[in-house]
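Written below as structure tokens is the structure these notes are about.
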There are 2 protein chains.
Amino acid sequence: MSEVLRSAVNRSTTLEDVARVAGVSRATVSRVINGIRNVDPAIQESVRLAIASTGYVPNGAARSLVTRRAGSLALVVSGSGAVADGPAGGEVFTDPFFGRVVSGVFTALRPQGLHPVLMLADAPEAREQALAYLRQGNADGAMVVSTHADDPMPALLLEAGVPAVLFGRPDRPLPISCVDLANRDGGRLAADHLHARGCRRVVTIAGPSGVRAARDRLAGFHDAMARHGLPYLPHAEADFTQAGGERAITRLLIEHPDTDGVFAANDLMAQGALAVLRDHGRRVPEDVAVVGFDDSSAATAGRPLLTTVRQPVEEMAAEMTRILLDHIARPERGATSVIFEPSLVVRQSA
Amino acid sequence: MSEVLRSAVNRSTTLEDVARVAGVSRATVSRVINGIRNVDPAIQESVRLAIASTGYVPNGAARSLVTRRAGSLALVVSGSGAVADGPAGGEVFTDPFFGRVVSGVFTALRPQGLHPVLMLADAPEAREQALAYLRQGNADGAMVVSTHADDPMPALLLEAGVPAVLFGRPDRPLPISCVDLANRDGGRLAADHLHARGCRRVVTIAGPSGVRAARDRLAGFHDAMARHGLPYLPHAEADFTQAGGERAITRLLIEHPDTDGVFAANDLMAQGALAVLRDHGRRVPEDVAVVGFDDSSAATAGRPLLTTVRQPVEEMAAEMTRILLDHIARPERGATSVIFEPSLVVRQSA
DNA sequence: TTGTATGCGTTATCAT
DNA sequence: ATGATAACGCATACAA
């Protein structure tokens, strides 16, 4: 097939075509496109013209084949596959937490012109799929949000040599970078506040025991309460969802009708507590004070406004992204960690 | 550099390496990997062995360079760039609507082993970036969720020849496939319900007038109300956020203190209305009945539970994804549209 | 400053 | 059934 025919058929325009039109070599066109200096301004101009007239767009695959850069980062929502822990498959994305992470990632990615590719690794099969994708170099690195502490994903990524950063420290220390919140401190803030308010019959709604952040929040809360002279507090475990929170508080109220304070390990469960308390005719905060965790949109969605421990998710996600970008640019550097401090946001519920 | 040295340095193992180890040609290894028949079982086995022993993983870029398939689809959150309309930048992802879309997309994508890459095209610059990414073939097609009716993205994608499917019909008809809800019917459902309940002094909280879905919901509501003998209803425009809903209902209550019914164009704004009504000491539904739209998680987040018009977002997003996959597989087929029917979900608020 | 030539790792078309 | 060999479209080391 002649050159003319070939280009007439279907083939999209290539560097070669542009070079021919501009009367220069492929290399020169490439240089112009990639903004490399040492190009005669006049030629530069004629190349730009040729690009415009041909409607040329570089081919991403060919480019990343030679540069060994995919131009995208993976955002992996990872779990153990155990259905009992945390929100199930579809619900993960409905959690305000997820939206905040995405938001923070975009903040850091936008200046670089990169885009996140979303991967859900909540079952062995899905995990293998995600891992294969990453190993093939379809993304330059991975940001991992684990919904479960014994998530095998971090170790697998490490082993595969994929640059990665975690949101939340793993259960067992790994030489992987991560961002996290001082969750124990957060629990302490909530305890001090409820105690100062005069609450003495406090119950807690814990997150999944398989989630480290959930355990740490509860531990910090219990520690502080013990220091205030309250060594034992009833608690129920839930799954970080509102419905789970509703079930937990219902159980707790039956067993401990005289409850005057509630600490929930996230806002969604606190929201559930508020709803049930209202159904039971308990006034918040007069009869029962409630403190949540996260300061997500759920905290201000209803009435009373929720007093909560703030976790700066967006900032944390942005930092996670920056760390990953840095690791990709300078692979020789070792793992780092950035721990954020929580703060108490006092509103109406406590 | 000698072959030995080269492979000793850093280079990841390639098809060539596997072929050498297995004592066959590259082509044969490729056949085994891609599951093409006509391969001697014995050789097949030795190739698998070689793959395992070398830890070979195919290179995604090289593969898609020749197959012309990226193996990923774009999920574009697109807007006009006008700040006044709809939730601002970061808030887009916190809206439960977004989470439901992602959820639905994953449902349809999972069986195919594909992953969505997220793109935010809310400003001219970001739009160009996203467009460039797509034109370069970094994704095989795009799913577009527009936050604004005069969004230029659909037309641009059409012009660029990128396979695309829209969530929500564009303002001016385009030969692009889309999924949508019969929004007018939804508005009608809400109106009929409020009227049947006896509400006669009804106000509406509209979404951004630049969003077609928002206009259609309101139009359907007003039409039905007019048929019930109520030709005029006060309304305020808001931005689909809870805060916006709060401001809108506050204004409406001042001007129309005798209001006995509220229709909000989405649940978030309805949630805001509930909060303010509560602040003002109005009982819901006894004094004022409230109907929302979407049946998102916000509908059951607080008390009273929200009566709302259900939009099956997850199903719609999954269908959008399936249509896109079909377009990619069979480009010759023309554009189609699938319109879903809304339904009324009666809870406590009306 | 510009052009030439080579390689990136795979799939696909041929022969055999 | 298998093996050469030619694309795929780009970046870059090197030569000029």
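Here is how names work: the chains are called A, B, and so on, in the same order as the sequence lines, proteins then strands, and each is numbered from 1.
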Just how far, in rounded Å, is C1' of D/dG3 from CG of B/D40?
-> 15 Å
Mind calculating the distance between CD1 (B/I36) and C1' (C/dT11) to the nearest angstrom?
-> 8 Å
Taking atom types as they are modelled, is there a donor-acceptor pair under 3.5 Å from the base of D/dT12 to the side chain of A/R63?
-> no
A/N34 CG - D/dT12 P separation (whole Å) = 7 Å
Does the ring centre of A/F106 sit less than 6.0 Å away from the ring centre of B/F93?
-> yes
Looking only at side-chain N and O atoms, does A/T28 come under 4.0 Å of OP1 or OP2 in C/dG3?
-> yes
Would you kindly give the CZ-to-P distance between A/R68 and D/dT12, to the nearest whole Å?
-> 12 Å
Looking across every strand, which nucleic acid part, if any, lies under 4.0 Å from A/V18 by heavy atom: base, sugar-phosphate, or nothing?
-> nothing
Gap between atoms CD and P, on A/E16 and D/dA11 respectively (whole Å) | 14 Å
Closest nucleotide among D/dC10, D/dA4, C/dG9 to the B/S12 side chain | C/dG9
Look at the side-chain N and O atoms of B/T14 and state whether any lies under 4.0 Å from the OP1 or OP2 oxygen of C/dG9.
-> no
So, A/T147 side chain and A/S78 main chain: donor-acceptor pair closer than 3.5 Å or not?
-> yes
By nearest-heavy-atom nucleotide on DNA chain D, the more 5' of B/N38 and A/T67 is B/N38
Looking across every strand, which nucleic acid part, if any, lies under 4.0 Å from A/S30 by heavy atom: base, sugar-phosphate, or nothing?
-> base
Starting at the 5' end of DNA chain D, which residue's closest nucleotide do you reach first, B/G23 or A/N59?
-> B/G23
